[in-house]
Amino acid sequence: MMRSLYSGVSGLKNHQTRMDVVGNNISNVNTTGFKSSRVTFADTLSQTLSGASSAADGKGGTNPKQIGLGSAVSAIDTLFTDGSVQSTGVNTDLCLSGNGLFIVGKGDSDVYYTRNGNFKFDAEGNYVTSDGLFVKGWIANNGSLNTTSATTYIKIPAGKSMEPKATTQVTYTNNLDASEPRIKSILGKTYNGSTDQVTTTDKMGVRLTLADGTIVTKPASSPGTTYSIGKDETGATPTDPNKAITKIQEDWVSASTDTAGPLTITLEDGTIQTVTDGSYAVNQSMPITTIVTIYDSLGNTHEVPLYFVKSTVSSDTGNTWKVMVNQDGSDNITLDDGTRVTLPPVDIQFSTDGKFTSGNGSVTLKLDNGATMIQQVAVSLSALTQYAGSNTAFGTNDGNAPGTLKSLSIDSSGVITGTYTNGINQAEAQVAIAQFNNAAGLTKEGNSLYKESNNSGTPNIKTADDLGCTITPSALEMSNVDMASELTDMIVTQRGYQSNSKIITVSDELLETLINMKR
């Protein structure tokens, strides 16, 4: 008779425990990052009245006769399923989805884990929880993150400055238009005032380069003169070696002060353009002008032009381009700020399918102030293509001006990126994530914090991407409590509690009947 009483008592106690857990779950239905718990029961030891017997002597076997002694709480499990994502609009809030937890703490050894991503920056630039615990991750070094190193507390001071960086590399990408029309004819005026029509066979003039570097321009109307390398302008052997001709080239814009402009250029597609400077030839394309910004060590900017001109060689199929720093074909140009830029003209070639094939894919551009070298910049051209369509070639550089941290943003990998007043976006830090083999084995510490336990396993600390987790910035993870399930569990628990109380009541009545037999 006493067994049923104790069974009823154990049932009351266990259902009270289950009701406590249900109540705690419902109480935390709106707690950020809260993980609900569940209670499971198991029966206790049973009293054996007789054991089982096997079949023998013509008789079948018999089952054991056992009476249970009640129930016990088998486990109270924490359910680490994801809660719903709730947008907050606060850019420092983080919502973590997947098997992982944020790492927070104070000091070197007092480490906790949480799913509550209600973070912010304090007055000193520390990334902290609402309770002031520091958030752990990796700090970037000049924009470079090393996530294989040990984690540290994230700190990004407001107003952080970025040093200027001199440009060392310029990379040109995108497309040069393969269908860029070439020059069909040029209409200009020579020194005598007469008008010359230049076609693919007529020549407007020649440019002579002498041994001493002098450049002499001769108009096409100069009568009966033949120019030869090693001779002078009259065709005779020079008495002064410095006056010997070293180079002869076609010239379409005379450098003579007697020449009147502008020139009218007609392209193959019928387009007519008027120009006043530069060097032009029949069969070449109009120069494609690009401007790239180059920074010096002080952060000063130099706007450097680079011109791309399709080949004038008649045997070429239009796949060769000449790259120049000066539109007149010389190897240098002086910028408005007085800086001289030097880059010898180079040729680059493309295959018939528009891919870069050969030529000077990497050249060096030099900047000086007329006396002292300022810097040298490597210019990469091999990423360019030549397809029909449009000219979209442009250059990017690896330098920057000085700047001050203006704002911060966080992406789905937990990378905190700073935007500076110089327009540069740079990685500042990355939030670390911890993963446990048995997250349900963590010990709850209150304030939505967990601690490592003997049965949780040791944390595997990686980035969110490495662990298959996702971080949603400007959002928080809501509680994963399912109200429908909790209310249902409450009803079931209530009925279980009532049933166990009836066992005690009926057992008491049976005992009373037994005692009354004595009367």
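Counting from 1, the numbers follow the sequence of the chain as shown.
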S.K.: If you measure only the distance, is there a donor-acceptor pair under 3.5 Å linking the side chains of D508 and T505?
M.R.: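 Side-chain D/A pair, D508 to T505: absent.
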S.K.: Classify the side-chain pair T293/T301 by whether it contains a donor and acceptor separated by less than 3.5 Å.
M.R.: no
S.K.: Check this for me, if you would: do K310 and D177 make a salt bridge, where the nitrogen-to-carboxylate-oxygen distance has to be below 4.0 angstrom?
M.R.: no
S.K.: Among T32, L94, L449, L96, which residue satisfies the side-chain contact (heavy atoms from CB on, under 4.5 Å) criterion with R115?
M.R.: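 Exactly one candidate clears the test, L96.
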S.K.: Tell me, with the steps shown, if N24 and N28 meet side-chain hydrogen bond (donor to acceptor under 3.5 Å, both in side chains).
M.R.: CA-CA 6 Å; N24 182 63; N28 286 282; 3.2 Å; yes
S.K.: Quick one: does F41's side chain get under 4.5 Å of V73's, heavy atoms only?
M.R.: yes
S.K.: Are the side chains of F121 and K155 in touch, meaning some heavy atoms are under 4.5 Å apart?
M.R.: no
S.K.: Taking the side chain as C-beta and beyond, is there a heavy-atom pair between W138 and V431 under 4.5 Å?
M.R.: no
S.K.: Say whether Q386 and W321, considering side chains only, have a donor N or O and an acceptor N or O under 3.5 Å apart.
M.R.: yes
S.K.: Could you verify whether a donor N or O on one side chain and an acceptor N or O on the other, from N14 and S71, lie under 3.5 Å apart?
M.R.: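 Side-chain D/A pair, N14 to S71: present.
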S.K.: Can T463 and D465 be counted as having a side-chain donor-acceptor contact under 3.5 angstrom?
M.R.: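 Distance-only check fails for T463 and D465.
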S.K.: L176 and side-chain contact (heavy atoms from CB on, under 4.5 Å): which single residue from I288, T392, T385 fits?
M.R.: I288
S.K.: Do NZ/NE/NH1/NH2 and the carboxylate oxygens of K35 and E477 come within less than 4.0 Å?
M.R.: yes
S.K.: State, yes or no, whether a side-chain contact exists between K322 and V346 at a heavy-atom distance under 4.5 Å.
M.R.: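 No, side chains not in contact.
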S.K.: Could you tell me whether the side chain of T404 reaches within less than 4.5 Å of the side chain of M162, counting heavy atoms only?
M.R.: no
S.K.: Are the side chains of N91 and S409 in touch, meaning some heavy atoms are under 4.5 Å apart?
M.R.: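 Result no, sub-4.5 Å side-chain heavy-atom pair not found.
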S.K.: Are L381 and V323 packed together at the side-chain level, in the sense that at least one heavy-atom pair is separated by less than 4.5 angstrom?
M.R.: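 L381 vs V323: side chains touch.
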S.K.: May I have the step-by-step check of side-chain contact (heavy atoms from CB on, under 4.5 Å) for K406 and Y420, ending in yes or no?
M.R.: CA-CA 5 Å; K406 183 171 61 174; Y420 287 78; over 6 Å; no
S.K.: Just do the side-chain contact (heavy atoms from CB on, under 4.5 Å) check on T417 and I410 with the steps written out, would you?
M.R.: CA-CA 6 Å; T417 300; I410 308 176; over 6 Å; no
S.K.: Evaluate ring-ring contact (aromatic ring centres under 6.0 Å, His included) for F350 paired with Y387, printing each intermediate quantity in order.
M.R.: CA-CA 10 Å; F350 298 89; Y387 303 124; 8.8 Å; no
S.K.: Kindly say whether the aromatic ring centers of H302 and Y295 come within a distance under 6.0 Å.
M.R.: no
S.K.: In terms of relative ring orientation, are F80 and Y450 parallel, tilted or perpendicular, with 30° and 60° separating the classes?
M.R.: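 It falls in the tilted class, 30° to 60°.
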S.K.: Relative to each other, are the rings of Y153 and F134 parallel, tilted or perpendicular (30° and 60° limits)?
M.R.: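 Ring orientation of Y153 relative to F134: tilted.
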